[in-house]
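I have placed the structure first, in the form of structure tokens, so that the comments after it can refer back to it.
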Amino acid sequence: MNLRVGALILAMCLIGLSSTALAQLGRITIAMEAEPNSLDPGTYNGVNAERVIRRIFEGLTAIEPGGTDVIPALAESWEISEDGLNYTFHLRPGVSFHDGTPLTAEAVAFSLERTIKEEHPLYATATWGYAPVWLGGIADTEVIDDHTLRVTLKQPDASFLAKLSLPGSLIISPAAASEDPQGFARNPVGTGPFVFDRWEPGSNIVLKRFEDHWADLDQPAEVVYRWIAEDQSRVAALLSGEADLIVPVPADFAPLLRSNPAVTVLQHPGIHVWYLGLNTERGPTADTNVRKALAHAVDRAQITDHILNGTAIIADSPLVPDSWAYEENVSRYDYDPVRARELLAEAGWTDSDGDGFLDKDGEVLTLSFWMPASGSGMQKPVEMSTFIADEWRKLGIRVETQVLEWGTYLQSLRSGEFHVFANSFMPETVDPDITFSFLYASSSIPSPNRMRFSNARVDELIELGRTTVDQAARAEFYREALRIITDQVPTIFIDHDIQTVATRAGIEGIQLHTTYDVGVETARAR
């Protein structure tokens, strides 16, 4: 931290928040680290967009606030056929979109199919994000009546109800999306507790209370989202009263904010993993021994204890330790530079000419390491990645780093023109299928399986885990997959984040979700 800025913020902490913040009744201003790329659930690309999208849109199902169970949302009940292929949903009556059109079974079918059916009138109007992965198992939809919809799957999917709660599955207004398909991402219309008001690019997004929402929430009159990428500026916005809530809390500032009586720091375990992706198809990282060496050369305890200041725990799996599919017996890569050098030598990389760099067949071992400047769940990406790159340089590896803006970064990763990239994954639900299908299924290459990892047995296990109903049997499939994945090392797991936000002390009723959403529907000011 810059000492002069740090001293200024400390002085502000001792003085307390300005009195102007206490006058912001009926409005809550939230400062995030990045501007959303889109407010269309079908094209969003991260948690910053999701935190806004979930205020505007709702799904057939939801995840209970602060928990992991699937609960009813726009569907108030459902039945599942014995073969697990047919889901019959009964919609909540009396629900309308923000444009006044009613929520019907036909509207839900329109919404679910637009990202997966080529014959859909909106299918070709956008490049869809994660939605086709989540909804691709749908074979057909059938409207039974205005409030009853039957969805038929291609094969049983034990995680289907959880997938319907994910951002890409949220229900949009067919009328609004059809009227302006290209503009919908900047003028979204859903059924959620807040209505989109305006978006000033580079500045803020403003939502207004939806007075006709089906639930009696008594939500704030207005929600303002700002994006402040620089950590010190985001904290200063809270302390000056420009923001009522900041997310995330920078690790360097967490102790400072906790000690301030005018600030409340909230924490909740999240479903998150920060990892390094290794290109399994290109260059030195196509060699398993090189990937294992790189894993052994990362001192993760230094990252969690000193860079993240105890706001995270060390990860050895993409699954959090309390997952029902967590596997203890995985290949672990403790910090061991000696073993790392041995593995590199086994792969043929030695310093043959004494210049301090490892080489093979006349070529220096060179890694292209990409990292984002900031982004969803990325904690301190540049500092963490730079520390890791320096550790690898100590082994005699030439590491060429590149820092990209978050939106550009995600698009560029599809090219595969890297050896290593830093990323995080927040799967939205504890069901392991989301994590495995996204990160490790061959069908997810080139994105979101950006490591280009392909293993026939892992693909088979993912399929078995998805189509099997019994949870104990599913757990064994995923555990076997984890043993293979950690042995092959397409990813180096660094940490699991503890979601941390800060509000001014007068704010109550903020809901932190395991999915990293921050709910403000019940926010109140004392």
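The figures here come from the full heavy-atom set of this structure, side chains too, leaving out hydrogens, waters and symmetry mates.
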**OP:** Let me see the working for E391 and Q302 under side chain to side chain donor-acceptor pair (under 3.5 Å), right down to the final yes or no.
**Re:** CA-CA 11 Å; E391 291 288 291; Q302 283 290 321; over 6 Å; no

Original post:
Got E113 and Y123 here, is their nearest side-chain heavy-atom distance under 4.5 Å?
Top reply: no

Contacts of [X] that satisfy salt bridge (Lys or Arg N to Asp or Glu O under 4.0 Å) - sequence neighbours left out:
X: E346; value: R339
X: K380; value: D252, E383
X: D336; value: none
X: K163; value: D157, D433

Subject >> N-O pairing of R341 and D351 below 4.0 Å >> reply: no

Give me each pair satisfying ring pair (Phe, Tyr, Trp, His ring centres under 6.0 Å) with a member in [range], each pair once, sequence neighbours excluded.
range: residues 316-370; result: H296-Y333, F369-W392, W370-F418
range: residues 35-57; result: Y44-Y130
range: residues 303-322; result: none
range: residues 476-498; result: F436-Y478

Original post:
Does any N or O in the side chain of S415 come within less than 3.5 Å of the main-chain N or O of S412, such that one atom is a donor and the other an acceptor?
Top reply: yes

With [X] via side chain to side chain contact (heavy atoms under 4.5 Å, CB included) - residues at least two apart:
X: S165; value: T61, I63
X: P269; value: none
X: D69; value: E64

**OP:** Could you name each residue pair satisfying salt bridge (Lys or Arg N to Asp or Glu O under 4.0 Å) that touches residues 283-295, not counting sequence neighbours?
**Re:** K292-D487

